[in-house]
Amino acid sequence: MGESVIPLADLRYAAAVPEIPAHLREPTGHLSDALDRPLRDLRISVTDRCNFRCGYCMPREVFDRDYQFLPHSSLLTFEEITRLARIFGAHGVTKLRLTGGEPLLRKGIEELVAMLVEVRGANGAPLEVTLTTNGSLLARKAAALKVAGLSRVTVSLDALDDAVFRRMNDADFPVAEVLAGIEAAQAAGLAPIKVNMVVQRGVNDAEVLPMARRFRGSGSVLRFIEYMDVGATNGWRMDQVMPSAQLLERLQATWPLEPLPASAPGETAERWRYRDGAGEIGFISSVTRAFCRDCNRARLSTEGKLFTCLFATGGHDLRALLRGGRSDLEISSALAQLWGQRRDRYSELRSAHGTTSANNERRIEMHYIGG
Ligand code: SAM
């Protein structure tokens with residue numbers, strides 16, 4: 001008798017199939033949630049696989065050889081992603097960010113970009129299509145991504161010191177290749193490039209000044225991310241978080257900085273500028289100053305579940321609607337209803353539970369719903 005294999009990854013989250021409202025409504029180009037926050041930004045995870053094993057995201061103990069990644073048939077196809085992008089665009093989404101896992105591992109990613117840049121938003125303008133990558137394949141892919149129509153890239157890079165970087169990615173990957181990727185992206189015109197650094201006290205905080213020095217005056221914007229609690233996966237401890245305020249103080253001691261106004265509502269990073277004109281840096285204070293109040297982001301997981309908060313306890317299975325023969329109008333109406341009911345504010349849960357996870361029992365799968 002053949003063994004039946006249960007794909008555990010598919011059972012990871014409770015995902016309700018969204019209800020189709022009795023009255024279907026054409027999208028108006030604007031949705032507001034229960035706290036009056038619009039929907040503007042959609043992050044799409046295109047793969048749950050990554051070639052890095054960063055301890056704060058996909059630690060090797062969990063994501064080992066036996067880990068069951070999603071089968072290809074579970075992934076949304078490019079056509080399904082593009083169809084959803086069209087529906088989200090009609091509701092007022094203006095920006096798409098491809099993420100993962102490592103998005104450049106998804107075969108044919110350039111084709112997806114080319115399909116997404118054809119989508120028109122509610123105002124008739126194309127959506128901005130961006131991508132977040134660990135940079136490992138960027139030197140090879142930057143030019144093709146630009147030709148496909150990608151606007152910009154964000155590259156995650158936690159250290160300049162090769163030994164620290166190899167230890168953190170736990171894949172023995174050299175920093176020089178990521179730096180070459182950043183240069184290739186710059187040369188291809190995928191600028192301004194943002195460089196995201198997750199700072200963990202005692203792990204890579206000694207890299208903060210060298211990273212700032214490296215990217216000052218380069219045209220790339222370095223952003224420091226507070227190390228977030230992603231549940232039991234990474235053994236998060238508050239004392240490993242480097243609060244942005246402390247980092248700012250450290251940087252100010254070397255280079256005078258001044259604050260800049262937010263460039264867009266709902267922007268995650270607080271922006272600062274070097275007073276000597278060498279560009280800007282940003283702080284993403286997900287822990288000490290959670291930015292739930294004007295969060296306008298939704299996340300689409302690799303197999304089509306919609307998360308209306310990074311820390312939501314369940315997703316909404318849009319793939320079931322796509323594959324169940326529902327019309328655009330039905331899916332669009334279901335989405336409008338879901339967004340209208342959205343009340344997520346994980347900052348409140350954190351103050352109630354003392355962690356940034358809504359539920360410490362649950363692992364937040366960054367590789368699956370994207371960062
Ligand atoms: N593989 C791509 C990359 O490395 O950018 C995209 C996916 S990754 C999950 C997206 C972002 O989430 C990265 O910048 C990563 O550093 C960030 N991230 C992952 N786990 C995190 C954590 N525990 N705290 C803060 N940021 C985290």
Side-chain angles (χ1 to χ4, degrees), residues 41-52 54 57-58 69-70 72 75-86 88-89 93-121 125-158 165 169 171 173-196 215 218-223 299-304 366-368 370-371:
D41 189 329
L42 179 65
R43 303 192 174 192
I44 305 172
S45 173
V46 294
T47 176
D48 59 343
R49 291 163 198 263
C50 189
N51 51 344
F52 284 10
C54 306
C57 188
M58 290 180 70
F69 287 98
L70 294 168
H72 197 262
L75 273 51
L76 290 187
T77 64
F78 291 173
E79 287 72 22
E80 287 170 332
I81 293 174
T82 307
R83 184 173 170 208
L84 285 178
R86 230 178 272 121
F88 277 83
V93 162
T94 54
K95 193 169 123 193
L96 304 176
R97 173 172 295 283
L98 303 179
T99 175
E102 171 46 44
L104 298 188
L105 290 181
R106 177 88 187 245
K107 210 167 155 222
I109 186 78
E110 307 83 345
E111 280 164 46
L112 175 63
V113 170
M115 288 163 78
L116 292 174
V117 297
E118 293 299 318
V119 174
R120 294 291 170 268
L127 308 185
E128 189 187 16
V129 183
T130 66
L131 181 144
T132 300
T133 172
N134 63 23
S136 58
L137 299 169
L138 196 53
R140 256 179 272 167
K141 296 219 170 216
L145 288 166
K146 178 67 186 178
V147 169
L150 193 75
S151 307
R152 288 182 291 108
V153 284
T154 297
V155 181
S156 304
L157 177 63
D158 295 333
F165 184 65
N169 65 54
F173 197 87
V175 73
E177 288 192 37
V178 177
L179 294 172
I182 293 174
E183 271 164 35
Q186 196 122 31
L190 292 168
I193 295 165
K194 290 177 184 159
V195 177
N196 280 354
F215 290 105
S218 72
S220 297
V221 178
L222 177 61
R223 305 182 321 163
R299 294 179 160 82
L300 190 60
S301 78
T302 313
E303 17 80 295
M366 296 294 270
H367 74 294
Y368 164 81

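From a predicted model like this one, the values you see are computed outputs, not experimental measurements.
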Anything under 3.5 Å between a donor and an acceptor, one on a side chain of residues 108-121, the other on a protein residue two or more places apart or in another chain? List them.
residue, atom, partner, partner atom, Å
Glu110, OE2, Lys141, NZ, 3.4
Arg120, NH1, Val117, O, 3.1
Arg120, NH1, Glu118, O, 3.3

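Arg97 is not listed as a side-chain neighbour of Ile44, based on a closest heavy-atom distance of 4.5 Å or more. In this structure the side chain of Val221 never reaches within 4.5 angstrom of the side chain of Val195, judged on heavy atoms. A heavy-atom distance below 4.5 Å is not found between the side chains of Ser156 and Thr133. Between Leu98 and Thr130, every side-chain heavy-atom pair lies at or beyond the 4.5 Å cut-off. Side-chain atoms of Asn51 and Asn169, non-hydrogen and from C-beta on, never get closer than 4.5 Å to each other. The closest side-chain heavy-atom distance from Arg43 to Thr99 is below 4.5 Å. Using a 4.5 Å heavy-atom threshold, the side chains of Leu104 and Leu138 count as touching. Val155 has its side chain within reach of Ile193: a pair of non-hydrogen atoms, C-beta onward, lies under 4.5 Å apart.
Residue pairs meeting the side-chain hydrogen bond (donor to acceptor under 3.5 Å, both in side chains) criterion with at least one partner in residues 177-196, sequence neighbours excluded, are Asn196-Arg223.
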Let me see the working for Arg152 and Glu128 under side chain to side chain contact (heavy atoms under 4.5 Å, CB included), right down to the final yes or no.
CA-CA 9 Å; Arg152 288 182 291 108; Glu128 189 187 16; 3.1 Å; yes
Leu131 vs Leu150, side chain to side chain contact (heavy atoms under 4.5 Å, CB included): CA-CA, chis, key distance, verdict
CA-CA 8 Å; Leu131 181 144; Leu150 193 75; 4.0 Å; yes
If you apply the rule side chain to side chain contact (heavy atoms under 4.5 Å, CB included), what do you find for Ile182 with Leu157, and how did you get there?
CA-CA 10 Å; Ile182 293 174; Leu157 177 63; 4.3 Å; yes
Test side chain to side chain donor-acceptor pair (under 3.5 Å) applied to Thr302 and Ser45, step by step
CA-CA 5 Å; Thr302 313; Ser45 173; 3.0 Å; yes
Could you walk me through whether Glu102 and Asn134 satisfy the side chain to side chain contact (heavy atoms under 4.5 Å, CB included) test, starting with their C-alpha distance in whole Å, then the side-chain angles of each, then the deciding distance to 0.1 Å, before giving a yes or no?
CA-CA 7 Å; Glu102 171 46 44; Asn134 63 23; 3.2 Å; yes
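Leu96 and Ala85 get closest at one heavy-atom pair: CD1-CB, 4.0 Å. Among all heavy-atom pairs drawn from Phe69 and Asp48, the shortest one is CE2-O, 3.2 Å. Closest of all the heavy-atom pairs between Ala185 and Val153 is CB-CG2, 3.8 Å. In this structure, Ala184 and Ala139 approach most closely via the heavy-atom pair CB-CA, 3.8 Å.
Using a 30° and 60° split on the angle between ring planes, Phe165 and Phe52 fall in the perpendicular class, above 60°.
Rounding to the nearest 0.5 Å gives a distance of 5.0 Å between CG of Asp41 and NZ of Lys95. Interatomic distance, CG of Leu145 versus CZ of Arg140, reported as 12.5 Å (0.5 Å rounding). Rounding to the nearest 0.5 Å places CZ of Arg106 at 7.0 Å from OG1 of Thr47.
With sequence neighbours excluded, the residues forming a side chain to side chain contact (heavy atoms under 4.5 Å, CB included) with Lys146 are Ala188, Leu190, listed by chain and number. With sequence neighbours left out, the side chain to side chain donor-acceptor pair (under 3.5 Å) criterion links Asp158 to Tyr56. A search for ring pair (Phe, Tyr, Trp, His ring centres under 6.0 Å) contacts involving Phe78 returns nothing, not counting sequence neighbours. Considering only residues two or more places apart in sequence or on other chains, Thr94 meets the side chain to side chain donor-acceptor pair (under 3.5 Å) condition with none of them.
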